[in-house]
Structure formats: C-alpha cells, structure tokens
*Asks:* 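Here it is, the structure, as structure tokens.
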Protein chains: 2
Amino acid sequence: MRNTKQRQVVLDILRNTDTHPTADWVYEQARKVLPNISLGTVYRVLGRLQEEGLVVQLDVGSRKSRFDGKPGQHQHIVCERCGRVADVPDVIDHIASERVQNLTGYRVHAHRVEWIGVCPECHNAQP
Amino acid sequence: MRNTKQRQVVLDILRNTDTHPTADWVYEQARKVLPNISLGTVYRVLGRLQEEGLVVQLDVGSRKSRFDGKPGQHQHIVCERCGRVADVPDVIDHIASERVQNLTGYRVHAHRVEWIGVCPECHNAQP
DNA sequence: TTAGATGCAAAGGGTTTGCAACGTC
DNA sequence: GACGTTGCAAACCCTTTGCATCTAA
C-alpha cells in the first residue's frame, strides 16, 4: 500500500475527530486540504484502511456508514434524536461470551454493542 | 392500517422463518402466494410492520437490511463466513446499562448486541 | 363511499467501478 | 519504469416514491 497524500489526509481526519463521521463528511474535510480529491478515492482509502484494521466501519441504523478512526475495545451509543455517536468502554465480560457460545453452538470471536438513548444535549433541549 | 392480503402474506412469511431474511427474499416468497405483489409493496409493508413493532430491522454489516418477524428481548449472532444469522437470548443485564448511563451521560433506552463468530456448519466444513 | 393500499416504473442516494492519467517506490 | 492510486463519471444496487388504480372498511 502506497503512502499517498490522499491516504494520509483521510487517516489524519479520522484520527483527529470524535464524531464518527460519514464518508461525505470526510470528503468535505479532505477537500479543504486537497481540493481535487474525489469521493471515490475517499471510499477507496476508507476501504483499505478498514482492511488494515486502522479504521472501523459502523452501521448504526441509517443508510450512511460511519467510520471510526480510533478502533479499540469500545462500543458506541447513538442518540435516537440527533444521531450523535459517542464512545463507550466495553462493559461486556467474557462470561457473557461463553454463555452465548454455549447457547448457540457458534464459536464467538467478537461482539458489537450499540446502546441507544438520548444524549445530554437533546435531553436538555427538550426534557 | 388495513389488513390487506399483501400485509398478511408478508407478516406470515416473516413469522414462519428463522432466517432473518432480506426484503427481496421476502418478495420471492410472497410471489409464490401473490404472483402480482410488487417489491415496492413489500418494502412499504415491512416499513409499516416495523413502525408497529411487529418486525425489527437489522443492519448486520452487509448492504441489505434483514428483517426479524419475532421481535423480543433477544439479539443476534452472525456467522462471519456465511452470513447466517441466529437468535441469542439477551445476556446484558441492567447493571451494564446503568454503567453506560453513568459513563456517557446519555439516558439509555435500549441496547443492540451483535455477536460475531463462526456457525457450527461452517466450522465443521472447514475446522 | 372513500381514504388508505397497491403495482408499476422511474427516481433517489450511498457506494462501487472502469479507465486513462498520475505519482510512488 | 512499473504498478499501485487517483479523478472523473458512469454504473450499481437497494430502497423510496409519484401516480393512477384498486380495495378494505
């Protein structure tokens, strides 16, 4: 994999935000640095970064994918009013995984948890 | 909401399968009973059933949505080799929810868990 | 009778891809 | 110089929607 300007910029944007952005948001940011970058390239770079494990793709209900540039053992909580996504530390222990393994016969490799609620901003705006 | 043939057929199909099918699978099945049903109608019926809480829509990574006609307090495990989806009882307790609430400031209303692993069939085929 | 549901086909919208030009290694 | 990457635009594919028609209540 070559270390192109486009790749550097996309990775940089993802690593310097906590907003779990969509591909087109990344594209808009990237254009501020590289005005000629194309949306197709953003998607291709995101795809490669994901294969390499540097980025995680989230499917949180809506049609657009969101991307997390700080992968690790954490999960996400989505605000059901505004769609804002925040990180949550993993509260699932391995006892739960073992129970799932026993109950289903599947070999459990990972889990993905999404909490759904209302973020403080939305709750304050309309209690 | 009117109780049309189309609605009955779609709900029936969903309630009589454990496969968490995609919209076009439901469409193919429905055509065996109502040859003139359209894909648009399948989508509209699925949308309404979801609003009514009779069906739950899953976004499990791939681009197609899958639908669960037996909603309830259970989650899903997805086979990373074949994409098969199975049900898992909820192993997340409310203590975990409270921890998330305290950690994030969000009011937690629900959680969605997806386990990822390898199903018995795939594992047996290629240990 | 009539408001809501359907079938059809076209439009939407996010994502992917073919291809020639480009830029790393 | 070779080959992976890019920009562009068109293609893709799942899903939604407009509209005339139909049908459950």
Side-chain angles (χ1 to χ4, degrees), chain A residues 1-14 17 19-69 76 78 83-85 114, chain B residues 1-14 19-69 78 83 85:
Chain A
M1 68 217 100
R2 287 186 187 170
N3 195 23
T4 63
K5 277 177 251 157
Q6 290 84 348
R7 179 189 158 96
Q8 288 167 18
V9 167
V10 168
L11 187 52
D12 221 50
I13 289 169
L14 276 169
T17 181
T19 59
H20 306 81
T22 56
D24 57 307
W25 187 90
V26 173
Y27 172 56
E28 288 308 326
Q29 300 303 308
R31 289 219 296 180
K32 295 178 183 172
V33 187
L34 301 173
N36 288 320
I37 194 172
S38 73
L39 185 55
T41 295
V42 170
Y43 274 106
R44 274 184 288 224
V45 169
L46 287 172
R48 267 172 238 132
L49 292 174
Q50 196 191 0
E51 285 172 11
E52 298 162 27
L54 298 176
V55 154
V56 166
Q57 185 171 348
L58 314 174
D59 294 302
V60 286
S62 104
R63 222 152 117 183
K64 298 184 184 177
S65 290
R66 288 174 171 273
F67 297 86
D68 183 347
H76 299 97
V78 188
R84 196 191 311 262
V85 179
E114 199 185 304
Chain B
M1 68 216 99
R2 288 190 186 166
N3 195 22
T4 62
K5 277 176 250 157
Q6 289 84 348
R7 179 189 159 94
Q8 288 166 18
V9 167
V10 168
L11 186 51
D12 222 52
I13 288 168
L14 277 170
T19 59
H20 307 78
T22 57
D24 58 306
W25 188 89
V26 174
Y27 172 56
E28 288 308 325
Q29 300 304 308
R31 289 217 298 180
K32 295 179 183 170
V33 187
L34 301 173
N36 289 319
I37 194 172
S38 73
L39 185 55
T41 295
V42 170
Y43 274 106
R44 274 184 289 226
V45 169
L46 288 171
R48 268 172 238 131
L49 291 174
Q50 198 191 0
E51 285 171 10
E52 298 162 26
L54 298 176
V55 154
V56 167
Q57 185 171 348
L58 314 174
D59 293 304
V60 286
S62 106
R63 218 150 119 186
K64 297 183 184 179
S65 289
R66 289 173 171 272
F67 297 86
D68 182 348
V78 187
V85 179

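So you know, we letter chains A, B, ... as the sequences are listed, proteins then strands, and number each from 1.
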*Asks:* Round to the nearest Å and state the distance from B/Asp24 atom CG to D/dC12 atom P.
*Replies:*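 Going from CG in B/Asp24 over to P in D/dC12 covers 18 Å.
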
*Asks:* Would you say D/dG7 has OP1 or OP2 under 4.0 Å from some side-chain N or O of A/Gln6?
*Replies:* yes

*Asks:* Just verifying a value: how many Å separate B/Phe67 CZ and B/Leu49 CG, rounded to the nearest 0.5 Å?
*Replies:*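 Separation between the atoms: 9.5 Å.
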
*Asks:* Report the distance from atom OH of B/Tyr27 to atom P of D/dC14, rounded to the nearest whole Å.
*Replies:* 13 Å

*Asks:* Based on the rotation axes of five pairs at each end, what angle does the helix from C/dT1-D/dA25 to C/dC25-D/dG1 bend through, to 10°?
*Replies:* 40°

*Asks:* Whole angstrom is fine here: how far is it from CD in A/Glu28 over to P in C/dG14?
*Replies:*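 Going from CD in A/Glu28 over to P in C/dG14 covers 12 Å.
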
*Asks:* Which residues pass the side chain to side chain contact (heavy atoms under 4.5 Å, CB included) test with B/Thr4, sequence neighbours left out?
*Replies:*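 Partners of B/Thr4 by the side chain to side chain contact (heavy atoms under 4.5 Å, CB included) criterion, ordered by chain and then number, come out as B/Arg2, B/Gln6, B/Arg7.
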
*Asks:* Hey, could you give me the CG/CG distance between B/Asp68 and B/Leu54, rounded to the nearest 0.5 Å?
*Replies:* 11.5 Å

*Asks:* Listing time: all N or O pairs from protein to nucleotides 17-19 of chain D that are below 3.5 Å?
*Replies:*
from, atom 1, to, atom 2, distance (Å)
D/dG18, O6, B/Arg44, NH1, 3.2

*Asks:* Supply the atom-to-atom distance A/Arg48 CZ to A/Leu11 CG, rounded to the nearest 0.5 angstrom.
*Replies:* 13.0 Å

*Asks:* Could you tell me the separation between the CG atom of B/Leu49 and the P atom of C/dA5, rounded to a whole number of Å?
*Replies:* 11 Å

*Asks:* Show each protein N/O and nucleotides 21-25 of chain C N/O combination with a separation under 3.5 Å, one pair to a line.
*Replies:*
from, atom 1, to, atom 2, distance (Å)
C/dG23, N2, A/Arg2, NH1, 2.1
C/dG23, N2, A/Arg2, NH2, 3.4
C/dT24, O2, A/Arg2, NH1, 3.0
C/dT24, O2, A/Arg2, NH2, 3.3
C/dC25, OP1, A/Asn3, N, 3.3

*Asks:* Holding to side chain to side chain contact (heavy atoms under 4.5 Å, CB included), I want the full list of residues that pass it with B/Asp12, two or more places apart in sequence or in another chain.
*Replies:*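 Scan of B/Asp12 (side chain to side chain contact (heavy atoms under 4.5 Å, CB included), adjacent residues dropped) gives B/Asn16.
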
*Asks:* To the nearest 0.5 angstrom, please state how far the CD atom of B/Glu51 sits from the CG atom of B/Leu46.
*Replies:*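 If I round to the nearest 0.5 Å, the distance is 11.5 Å.
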
*Asks:* Atom CZ of B/Arg7 and atom C1' of D/dC22: how far apart are they, to the nearest Å?
*Replies:*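 One finds 18 Å between C1' of D/dC22 and CZ of B/Arg7, rounded.
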
*Asks:* Taking for each residue the nucleotide of DNA chain D bearing the nearest heavy atom, is the 5' side occupied by B/Ser65 or by A/Asn36?
*Replies:* A/Asn36

*Asks:* Considering non-hydrogen atoms only, spot the tightest contact between A/Val55 and A/Gly69 and give its length.
*Replies:*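 Taking every non-hydrogen atom into account, CG2-CA, 4.1 Å.
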
*Asks:* Tell me the interatomic distance from B/Glu51, atom CD, to C/dA5, atom C1', rounded to whole angstroms.
*Replies:*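 B/Glu51 atom CD is separated from C/dA5 atom C1' by 14 Å.
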
*Asks:* How close or far is atom P of D/dC14 from atom CG of B/Leu46, stated in whole angstroms?
*Replies:*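 Going from B/Leu46 (CG) to D/dC14 (P), I get 15 Å.
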
*Asks:* Have a look at B/Leu39 and say if it touches a base, only the backbone sugar-phosphate, or nothing, with a 4.0 Å heavy-atom cut-off.
*Replies:* base

*Asks:* Distance check, rounded to the nearest 0.5 Å: A/Gln29 atom CD versus A/Leu14 atom CG?
*Replies:* 10.5 Å

*Asks:* So, using side chain to side chain contact (heavy atoms under 4.5 Å, CB included) as the criterion, who are the partners of A/Tyr43 when residues are at least two apart?
*Replies:*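 Once residues adjacent in sequence are excluded, the partners of A/Tyr43 under the side chain to side chain contact (heavy atoms under 4.5 Å, CB included) criterion are A/Ala23, A/Leu39.
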
*Asks:* Between atom CG in A/Leu58 and atom P in C/dG14, what is the gap in whole Å?
*Replies:*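 Taking atom P of C/dG14 as the reference, CG of A/Leu58 is at 17 Å.
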
*Asks:* Can you name the residues that form a side-chain hydrogen bond (donor to acceptor under 3.5 Å, both in side chains) with B/Glu28, not counting sequence neighbours?
*Replies:*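 None.
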
*Asks:* Can you tell me how far apart NZ (B/Lys5) and OG1 (B/Thr41) are? Round to the nearest 0.5 Å.
*Replies:* 12.0 Å

